[in-house]
Amino acid sequence: MKNISFSSVTLTSGYLFDKQELNRKTTIQAVYDRFSDTGRIRAFDFAYVEGVSDPAQKPHIFWDSDVAKWMEGAAYILKKHPTPALEAKIDALVEKIRKHQCEDGYFNIYFTVIDPKGRFAGRANHELYCAGHLMEAAIAYADATGKREFLDCMEKYADYINKVFLVEKSAAFSTPGHQEIELALIKMYRFTGKKKYLDMAEYFIRARGRSVENDDYYNQSHLPVEEQTEAVGHSVRAMYLYTGMAMLAEETGDVALFRVCKTLWEDTVFRKMYVTGGLGSTNIGEAFTSAFDLPNDTAYAETCAGIGLMLFSQAMLAHENHARYADAIERVLYNGVLSGLSLDGTAFFYENPLEINRSEQFQTIHGNRRLPITQRVACFSCSCCPPNVNRLLPALGSYLYGVDGETLFVNQFVSSTLDADGMTCTQETTYPNGNTVHIRAAGAKKIAVRIPAWCESFTINREYTMSNGYAVIENDGEAIEVAFDMTPRTVFADPRVIRDANRLCVMRGPIVYCAEGIDNGENLHRFVLPVNMEAKTVFDETFGLYTLEIPCLKRIEFAENELYSSRPPKTEKTTIKLIPYHCFANRGESDMLVWLCGDYS
């Protein structure tokens with residue numbers, strides 16, 4: 001299906017609308033302020049002098065990309081909400097880029113100032129990664145405002161990259177160590193219509209794994225892309241590469257390349273994804289490990305990797321009208337991505353663990369075991385995730401609808417309006433709190449409504465047929481009402497996920513729940529939940545979502561001076577409170593647990 005741009009979709013109310021507004025009103029400025037404090041914005045002045053300037057303000061090799069993602073997010077906001085002060089901030093950065101761009105087209109705040117002789121000398125130095133994010137920002141800004149100065153600069157840079165890598169082959173490497181430019185160049189092609197950018201993207205994708213420099217699983221260079229069958233290495237790099245591959249397959253009609261993408265997507269989602277949609281199970285290389293290796297307390301599950309899964313799944317929808325791709329987008333958005341943002345919109349998680357035991361933090365302090373931080377922070381030394389959230393939230397409308405011929409696909413459920421390609425649609429819902437969605441469309445002969453994979457029972461007020469997870473309805477212009485059974489349910493992991501053996505987690509609709517010590521006391525592992533649980537739902541104004549109260553058992557500690565016993569622990573009846581997972585760590589330090597002990601008797 002053809003994905004419909006956010007520019008044709010307007011979110012009107014509801015939970016995701018509130019998150020979008022939080023980003024527009026608070027988060028975008030908060031990230032800019034922190035980037036100003038840390039020297040990222042100032043670095044575009046090209047004024048740093050070694051031995052004279054504050055060393056803390058020294059440009060870093062990936063700072064271009066941090067600011068570029070912020071600019072892209074700000075441009076998406078401007079597309080829907082013209083804001084002179086925000087536009088002025090971007091204009092000031094664009095002027096600095098124009099002023100300091102080299103005559104040959106090269107632009108980089110680190111290498112031009114700090115190491116001018118190191119240009120394209122090191123594959124791991126993020127130059128092409130930074131270039132890609134700058135290109136995406138330039139496209140977004142030209143689309144939002146009609147101003148082309150930024151895009152002109154990036155076209156000039158792209159032409160220089162083409163000369164160095166494809167014509168002269170004078171760089172010290174042939175493909176980027178951190179993928180991103182591949183999908184950016186395809187966007188450049190789509191926006192400008194210039195095929196040379198598509199050719200460049202294809203070169204960087206096809207060249208991977210074909211030379212002696214490319215022998216590394218870490219950046220997916222161990223094999224040519226056509227021969228890859230497993231998601232390996234750095235999870236963000238993998239998602240960006242696979243997204244570019246899927247986009248290339250769409251543009252060129254390469255069926256074989258799409259089959260490779262499908263195999264990689266299935267390996268990612270069916271064998272290496274957390275229940276939250278998080279990707280990357282180790283901090284060593286921020287990477288995938290083996291299939292079904294999904295530790296909870298050391299989970300990396302980087303926010304950027306979650307956003308990458310959304311990008312990859314969206315690109316796959318362009319090839320195959322299958323609801324499973326939209327299911328994956330929903331899972332990771334509501335759980336593994338929104339967890340990266342605090343409720344007040346000013347602090348972030350880079351890693352998103354599924355378990356916190358504060359009693360084990362001693363091991364981290366003394367270097368015996370690395371555990372993720374337990375509270376969000378305003379900025380990181382490697383602060384890629386905050387501006388990635390900045391650019392995702394204003395573009396959420398791009399994930400709601402798709403079109404194939406005369407069929408309109410409803411992929412995500414958010415109160416919204418659509419007006420694109422002769423089709424209009426209005427969607428009204430309080431999802432994911434409410435279970436009912438009302439849809440009315442014109443200009444489409446059929447409406448295909450995704451039936452989420454988590455939903456075991458639903459009703460529709462119209463006749464329908466099922467196709468690849470969609471309920472397909474003949475459209476006569478009358479309102480369609482879809483109601484999903486959102487009774488809280490227990491979820492189990494494949495037995496091969498050994499960390500979750502004899503455990504269960506709880507979901508309501510698309511939302512994964514967790515327990516926090518602040519509600520339930522210390523040692524959350526004491527609680528034992530029945531498989532056939534009954535949960536009371538309670539709306540919580542703080543979270544804007546329902547919390548759950550579940551009758552269960554709690555194990556009682558042994559007597560003093562008795563560490564082990566032949567008698568099983570006694571239990572008492574109690575109630576455990578669960579909150580939406582992505583809302584954890586917003587009320588102070590606390591233990592947290594997603595996978596709880598289950599009573600299978």
Side-chain angles (χ1 to χ4, degrees), residues 13-16 18-19 275-277 296 330-331 333-336 338-339 343 354-356 413 429-437 452-459 482-493 500 502-556 569-588 590-601:
S13 66
Y15 192 71
L16 292 182
D18 291 343
K19 293 297 182 185
V275 70
T276 59
N296 296 304
E330 178 181 69
R331 179 185 293 273
L333 170 60
Y334 278 109
N335 301 294
L338 287 182
S339 59
L343 294 180
L354 282 74
E355 181 173 334
I356 295 173
F413 308 114
T429 182
T430 57
Y431 189 93
N433 284 315
N435 71 325
T436 305
V437 183
W454 56 259
C455 183
E456 298 180 357
S457 163
F458 65 94
T459 61
V482 185
F484 305 113
D485 180 5
M486 298 185 82
T487 303
R489 65 198 186 279
T490 48
V491 175
F492 311 94
D500 299 334
N502 300 316
R503 292 188 177 191
L504 56 81
C505 75
V506 178
M507 295 184 68
R508 179 183 182 273
I511 306 293
V512 173
Y513 281 76
C514 71
E516 277 199 301
I518 196 169
D519 300 310
N520 302 292
E522 295 180 354
N523 190 1
L524 299 170
H525 295 268
R526 295 183 299 169
F527 293 89
V528 183
L529 274 64
V531 170
N532 298 313
M533 62 160 197
E534 293 184 3
K536 176 183 177 183
T537 57
V538 181
F539 186 76
D540 191 299
E541 293 284 353
T542 300
F543 303 134
L545 293 168
Y546 283 102
T547 59
L548 306 179
E549 296 176 2
I550 303 172
C552 64
L553 297 177
K554 182 169 69 172
R555 297 188 183 100
I556 300 172
K570 294 180 180 180
T571 60
E572 63 182 17
K573 292 183 179 180
T574 188
T575 298
I576 191 170
K577 178 179 178 179
L578 304 184
I579 69 168
Y581 164 76
H582 75 256
C583 298
F584 84 94
N586 275 284
R587 299 174 293 167
S590 181
D591 287 358
M592 183 274 290
L593 194 59
V594 169
W595 288 98
L596 297 140
C597 296
D599 181 359
Y600 286 73
S601 60

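These figures come from a predicted structure and were not determined experimentally.
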Please step through side chain to side chain contact (heavy atoms under 4.5 Å, CB included) for the pair Asp599 and Leu529, ending with a clear verdict.
CA-CA 6 Å; Asp599 181 359; Leu529 274 64; over 6 Å; no
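- Asn296 contributes atom CG, which lies 7.5 Å from atom CG of Leu593 (distance to the nearest 0.5 angstrom).
- Looking only at distances, a side-chain donor or acceptor of Thr429 sits under 3.5 Å from a matching main-chain atom of Thr436.
- Contact of the Ile511 side chain with the Tyr15 side chain is not registered, since no non-hydrogen atoms from C-beta on lie closer than 4.5 Å.
- Using a 4.5 Å cut-off on side-chain heavy atoms (C-beta onward), Ser590 and Ile356 make no contact.
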Applying side chain to side chain contact (heavy atoms under 4.5 Å, CB included) to Leu596 and Arg526, what does each step give before you reach the verdict?
CA-CA 9 Å; Leu596 297 140; Arg526 295 183 299 169; over 6 Å; no
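- The shortest heavy-atom contact between Pro580 and Cys514 is O-SG, 4.4 Å.
- Inter-residue side-chain proximity for Leu578 and Arg508 is flagged as unmet; no heavy-atom pair is nearer than 4.5 Å.
- Rounding to the nearest 0.5 Å gives a distance of 10.0 Å between CG of Leu343 and CG of Leu338.
- Within the 4.5 Å cutoff, side-chain heavy atoms of Thr490 are placed close to those of Met533.
- Interatomic distance, CZ of Phe584 versus CD1 of Ile579, reported as 9.0 Å (0.5 Å rounding).
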What's the verdict on side chain to side chain contact (heavy atoms under 4.5 Å, CB included) for Phe527 and Ile550, showing C-alpha distance, side-chain angles and the deciding distance?
CA-CA 11 Å; Phe527 293 89; Ile550 303 172; over 6 Å; no
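- Between the side chain of Asn435 and the main chain of Asp485, no donor-acceptor pair closer than 3.5 Å is present.
- Side-chain atoms of Asn335 come within 3.5 Å of backbone N or O of Val512 as a donor-acceptor pair.
- Looking only at distances, a side-chain donor or acceptor of Arg331 sits under 3.5 Å from a matching main-chain atom of Val275.
- For Arg503 (side chain) and Trp595 (main-chain N/O), a donor-acceptor pair under 3.5 Å exists by modelled atom type.
- The shortest heavy-atom contact between Leu504 and Pro530 is CD2-O, 4.2 Å.
- Looking at residues two or more places apart in sequence or on another chain, you find a salt bridge (Lys or Arg N to Asp or Glu O under 4.0 Å) between Arg587 and Glu516, Asp519.
- Looking at Val528 and Cys552, their side chains never come closer than 4.5 Å, going by heavy atoms from C-beta outward.
- With contacts defined as side-chain heavy-atom distances shorter than 4.5 Å, the pair Thr542/Asn586 does not qualify.
- With Arg489 contributing its side chain and Gly509 its backbone, the two residues share a donor-acceptor pair below 3.5 Å.
- Side-chain contact between Met486 and Trp454 is present, with heavy atoms from C-beta onward closer than 4.5 Å.
- When side chains are defined from C-beta on, Thr276 counts as touching Leu354, because their heavy atoms get closer than 4.5 Å.
- Ring-plane geometry between Phe413 and Tyr431 is classed as perpendicular, the angle between the planes exceeding 60 degrees on a 0 to 90 degree scale with a lower cut at 30.
- The CG atom of Leu524 lies 10.5 Å from the NZ atom of Lys554; values are rounded to the nearest 0.5 Å.
- Side-chain contact check for Asp591 and Asn520: no donor-acceptor pair (N or O, by modelled atom type) lies under 3.5 Å.
- We find the OH-OG1 distance between Tyr513 and Thr547 to be 7.0 Å, quoted to the nearest 0.5 Å.
- Enclosure of atom CD in Glu572 by more than 12 non-hydrogen atoms of other residues, nucleotides or ligands within 6.0 angstrom is indicated.
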